[in-house]
There are 2 protein chains.
Amino acid sequence: MTLEQVAHRAKVSTATVSRVLNNASVVKTSTRARVVKAIEELKYHPNLHARHLAGGKSRTIGMIVSNMENPFFFDIYKTVESDAHAAGFEVVVANTDYRSEQLVASIRLMIGRRVAGLAVVVSEMEPALIEELTDSNIPVVFYDVGAPRQNITNIRVNYGRGIDKIIDYLYSLGHRKLGFVGHHAMLGPINERVKPVLDAVARYPGVEVRTAADADTLDGGRLAARALLASGEQPTAIVCVNDIMAVGALRELRERGIRVPQDVSVTGFDNVKLSEFCYPALTTVHIPRDTIGHLICDTLLSKSGNNAAADHEMVIDPEFVLRDSTGPAPGR
Amino acid sequence: MTLEQVAHRAKVSTATVSRVLNNASVVKTSTRARVVKAIEELKYHPNLHARHLAGGKSRTIGMIVSNMENPFFFDIYKTVESDAHAAGFEVVVANTDYRSEQLVASIRLMIGRRVAGLAVVVSEMEPALIEELTDSNIPVVFYDVGAPRQNITNIRVNYGRGIDKIIDYLYSLGHRKLGFVGHHAMLGPINERVKPVLDAVARYPGVEVRTAADADTLDGGRLAARALLASGEQPTAIVCVNDIMAVGALRELRERGIRVPQDVSVTGFDNVKLSEFCYPALTTVHIPRDTIGHLICDTLLSKSGNNAAADHEMVIDPEFVLRDSTGPAPGR
DNA sequence: TTGAAAGCGGTACCAG
DNA sequence: CTGGTACCGCTTTCAA
């Protein structure tokens, strides 16, 4: 079904059909009626690719995330989508699953689609790729826990600050032997996620921390906790890189008959909904996903507009949330 | 950046550039090298819309789901995506959030994109829309708990069978006063999700059931459970339409000091990962999301291939999973 | 092995 | 208010 066929049936030109489709300019009511009728009879659906190609502009914004399975990313996506829809844009997401080849593929795809804007919400990214993106000339905004990028709008959360708050609290409770559960995106040398923990701990003499990492899933959290528990002395508190993994850790502890928080304390990060619903409810740090989502959309939408200003950086300071998974270190 | 500019720089025709892009036919090695060089220097990314328009075929399959937030849908998506990628397809998802206008919009969008296949994983759907879809001539597969569709491949789970297993088990444990927690997509008259419960209960004289519904989220489950508890006699068992809402119900019970399963039993549905990680772990019914995902992909991919056969229906029989959230009715 | 040119399905400008 | 038509960027014969 093509525009031309519709035009033919309605006995008008393709130009006119196009007009009624975009309810643009003036089309005589009777003509419009004929066209609409033809469209319905033929069950015509305009070809978006053709439309895009001819029109030039995109009306869709892209979003790339590491792991949609983690509600943290999903929450951001949700508000981005909602804002985008409100502005008449649609959004297409891509999941990288923490795999860098997927990241590359997804970015190429987005560029190929000529999206009106792109939000990249992933942890690690090679400089070459970033360059490819900036050269593409499409408005981009990064969300990151890492270092600021140059020449690109960057939203980031002050991860270290959040970790500090957690460690401070745990220290005040008497915890000296800590465990850190991270995810695989942070294997390798000291990275963005582990370093803050080490730094925070370093401020307190006499505090030790061992780390373990696994997949960014419930199971991963469980496995990492198991690894922590299987080797060396049992920590009195387990700090997790995010809530999902913390819930996984909670399960491992429960199955071993280790009580939380009486025997060991556990903390999450992000404050996703689940952190309130698990048992015990998690002490965590709140990252405002909605704010991040709004920021992303505002930036993208205004950028694709006119004011090519504001290629700055916005950093979000996380807030401590006290719940039931933490308590005094045992024997204190 | 366009093909033509690349062609110009490499001093060849656009046809040749196209050839190396699709590494098709024979291109002299030296020529190919020149082109590749030009592409890199210009940081050229082919316009997918143009490519699609010219090429005709799509290489992308669409998927529409009610609520990506529920891991049930996400799990299906995940395996579809993985299978699709393996076959050289990409997949674009759309979330309807249980809103029918969104469903309409998403379907139109997919048709407009001329996707090579479309998976529709939603609860309710108007006949008119279904017709629009069949007329579109694109391979479609539905996943549903409802009645079979005509003329479209339909995968469905025998929801009633699953409910029966749960009710039977609960009955054998002495439960006579039941509560059912559903979600809003099932408001209105007796529908696909509630009816099976009523039917199952009807088989046992003396068993009563009250129902409550809310959003398909953790909070929704909590609220629905609250409603159930706030009115009338306290049920001895709460049957939930899915695991997510069951976890929500668990929280409400916990905060009221009602012990699970000693005071009231709770059941989920789907057997998503979370059902093992919550506390207490949920007795539920297993729906094989991976099988469903594979089925969807196989169907779509083979359909878009040649054999337009198999417009049949596949029904999946769910399996009972016993865990810790159920026990004998109190005082028995 | 490579180039020229005819589309693919729309949009939008220019006349009428 | 409506029609004619030149593209949009790429693929694909058809010849050379």
Side-chain angles (χ1 to χ4, degrees), chain A residues 1-39 42-60 108-116 136-138, chain B residues 1-39 42-60 108-116 136-138:
Chain A
M1 229 17 59
T2 74
L3 233 204
E4 194 169 345
Q5 302 181 48
V6 175
H8 189 75
R9 198 176 212 301
K11 301 196 186 313
V12 295
S13 70
T14 61
T16 297
V17 179
S18 178
R19 287 187 187 105
V20 347
L21 242 39
N22 303 287
N23 53 18
S25 62
V26 274
V27 179
K28 200 199 294 177
T29 315
S30 62
T31 312
R32 171 184 301 274
R34 281 215 320 285
V35 174
V36 169
K37 184 152 165 289
I39 289 179
L42 266 40
K43 295 169 191 311
Y44 166 73
H45 292 266
N47 183 319
L48 295 183
H49 301 291
R51 192 192 282 241
H52 176 100
L53 187 56
K57 52 283 187 107
S58 177
R59 246 27 213 169
T60 109
R108 299 254 164 88
L109 223 57
M110 293 298 184
I111 297 181
R113 271 193 193 117
R114 302 295 191 264
V115 292
S136 80
N137 213 344
I138 96 177
Chain B
M1 228 19 58
T2 73
L3 235 203
E4 192 168 348
Q5 302 181 48
V6 175
H8 188 76
R9 198 176 211 304
K11 299 195 185 315
V12 296
S13 71
T14 62
T16 298
V17 179
S18 177
R19 289 188 184 104
V20 347
L21 243 37
N22 304 288
N23 54 17
S25 63
V26 274
V27 180
K28 201 199 294 176
T29 314
S30 61
T31 310
R32 171 184 303 273
R34 281 215 318 288
V35 174
V36 170
K37 183 151 165 288
I39 289 179
L42 267 40
K43 296 168 191 313
Y44 166 73
H45 294 267
N47 182 318
L48 295 184
H49 300 291
R51 189 190 282 235
H52 176 102
L53 187 56
K57 53 282 188 110
S58 176
R59 246 27 213 171
T60 110
R108 299 255 163 84
L109 223 58
M110 294 298 184
I111 297 180
R113 272 193 191 116
R114 302 293 190 268
V115 292
S136 79
N137 214 344
I138 96 175

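Note on naming: letters A, B, ... go to the chains in the order of the sequence lines (proteins, then strands), and numbering restarts at 1 for each one.
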d(CG, Leu21(A); C1', dG9(C)) in whole Å: 11 Å
Heavy-atom donor-acceptor pair, Arg114(A) side-chain to dG9(D) base, under 3.5 Å: no
First encountered from the 5' end of DNA chain C, between Thr29(B) and Ala50(B): Thr29(B)
Residue whose nearest DNA chain D nucleotide is more 5′ - Arg19(A) or Glu4(B): Arg19(A)
Leu3(B) side chain, from C-beta outward: closest of dT13(D), dC10(D), dC8(D): dC10(D)
Touch class at under 4.0 angstrom, heavy-atom based, for Val12(A) against every strand present: sugar-phosphate
Below 4.0 Å: OP1/OP2 of dC10(D) and any side-chain N or O of Lys57(B): no
Separation of dT2(D) C1' from His8(A) NE2 (nearest whole Å): 17 Å
Touch class at under 4.0 angstrom, heavy-atom based, for Val26(A) against every strand present: base
Distance below 4.0 Å between Ser13(B) side-chain N/O and dG3(C) OP1 or OP2: yes
Gap between atoms CD and C1', on Gln5(A) and dG10(C) respectively (whole Å): 13 Å
N/O (side chain, Thr16(B)) to phosphate O (OP1/OP2, dG3(C)) under 4.0 Å: yes
Sugar-phosphate, base or nothing in reach of Thr2(B), heavy atoms under 4.0 Å: sugar-phosphate
Under 4.0 angstrom between Asn22(A) side-chain N/O and dT11(C) OP1 or OP2: yes
Options dT1(C), dG10(C), dC10(D), nucleotide nearest the side-chain atoms of Asn47(A): dG10(C)
Distance in angstrom units between Leu48(B) CG and dC10(D) P, rounded: 9 Å
Below 4.0 Å: OP1/OP2 of dT11(D) and any side-chain N or O of Arg51(B): yes
Any Thr14(A) side-chain N or O less than 4.0 Å from OP1/OP2 of dG10(C): no
Leu53(B) CG - dT11(D) C1' separation (whole Å): 10 Å
More than 12 heavy atoms of other groups within 6.0 Å of Lys37(B) NZ: no
dG3(C) OP1/OP2 closer than 4.0 Å to side-chain N/O of Lys28(B): no
